Amino acid sequence: MLAYLIRRLFAAAVMLVVIVMVVFGIFFLVPKWAGVDIATSFVGKQADPAAVEAVRQKLGLSDPIYAQVWHFFKGIFVGRTYSGGGDVTHCAAPCFGYSFRSEQAVWPVLTDRFPVTLGLALGAAVLWLVFGVAAGVLSALKRGTIWDRGAMVVALAGVSLPIYFTGLLSLAIFAFGLKWIDAQYVPLDQSVSGWFGGMILPWITLAFLYAAMYARITRATMLEILGEDYIRTARAKGLKEQVVIGKHAMRSTMTPILTMLGMDLGALIGGAILTESTFNLPGLGRAVLDAIRNQDLPIILGVTLITSLAVLLANLVVDILYAVIDPRVRLT
């Protein structure tokens, strides 16, 4: 088990280095090759050439590529000092630079919004796991029944309907029509009940989409596993059906579910753009959407790195859970 963990940690560290270098290339090299001057974007198109050159020197954009990569990589882990034009600024780690529009450090801006996105992702994940997996298992056990057909129709609707439709529909019915829920977001430190009331519709809307996918995958996987020899052997030994399903079949079914959960939850931690925009939640998704509109490159870069790191960590946790669920994985 220890050797397995060491291999996975080493692979994750290598992948982290690759991710940082790829992100640097996308946000600094590609714009340069496309003829976009980052210094001009930072200062503004109406700035005089001297101001643009001062920013170029301060950001190190005139340095060789290898030096820029090193400064970028180093800044994420130990911070970075920007100097040029008689001005010296220290950016504490993790340093993602400064916003082109507000000139604030990117990291504090993202950490202010991160709890909103984290609460949205975790709350929705609990709902879609519970209802999606349960619906998929029941559909597999009651194959061909009205429950099976009805659950799969609802799942098909959940996969097909976009979030901005289901979100606006839920707001129109439950918030503005029936007035059962106050859809206004309230920070958790101000009011627990207000925070829960503002998050319940986003949770349900986001979970409806993912629960539909999880139900379909769970049903297909469960049907395949129920036909395996070891399931028939377990039943032939006289084990109770609850034991056969809960201990044997579900253990194998959870492998693809964990894979999906790691990818989906990691990606959502980077921001659920449609959900946050529909319900006006001040999370990372809204931040990156506003940054795209304003061409605020450092904010987009910071959210991209956070999303990549979240997916990487989620997959690392999934790898460890694989070894817990199936001891054979430790030997691979």
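Note that this is a predicted model, so its numbers are computed, not measured.
For residues 90-208, every residue pair satisfying the disulfide (SG to SG under 2.5 Å) rule, not counting sequence neighbours, is listed here: Cys91-Cys95. Note on residues 99-217: no pairs pass disulfide (SG to SG under 2.5 Å), not counting sequence neighbours.
No close placement of the Phe114 and Trp107 rings is indicated, their centers lying 6.0 Å or farther apart.
Atom OG1 in Thr218 sits 7.5 Å away from atom CE in Met260 (nearest 0.5 Å). Here the CD atom belonging to Gln104 is positioned 8.5 Å from the CG atom belonging to Asp112, to the nearest 0.5 angstrom. Thr117 OG1 to Leu122 CG: the interatomic distance, rounded to the nearest 0.5 Å, is 10.5 Å. Rounding to the nearest 0.5 angstrom, the gap separating the CE atom in Met250 from the CD1 atom in Ile245 is 9.0 Å. Put simply, CG on Leu201 and CD1 on Ile173 are 10.0 Å apart, with the number rounded to the nearest 0.5 Å.
The aromatic rings of Phe73 and Phe77 lie tilted to each other, with the angle between the two planes from 30° to 60°. Between Trp128 and Tyr214, the ring-plane angle classifies as tilted under the 30° and 60° cut-offs.
For the residue pair Tyr98 and Thr89, no side-chain donor N or O sits within less than 3.5 Å of a side-chain acceptor on the partner.
No side-chain heavy atom of Arg232 sits under 4.5 Å from any side-chain heavy atom of Arg235.
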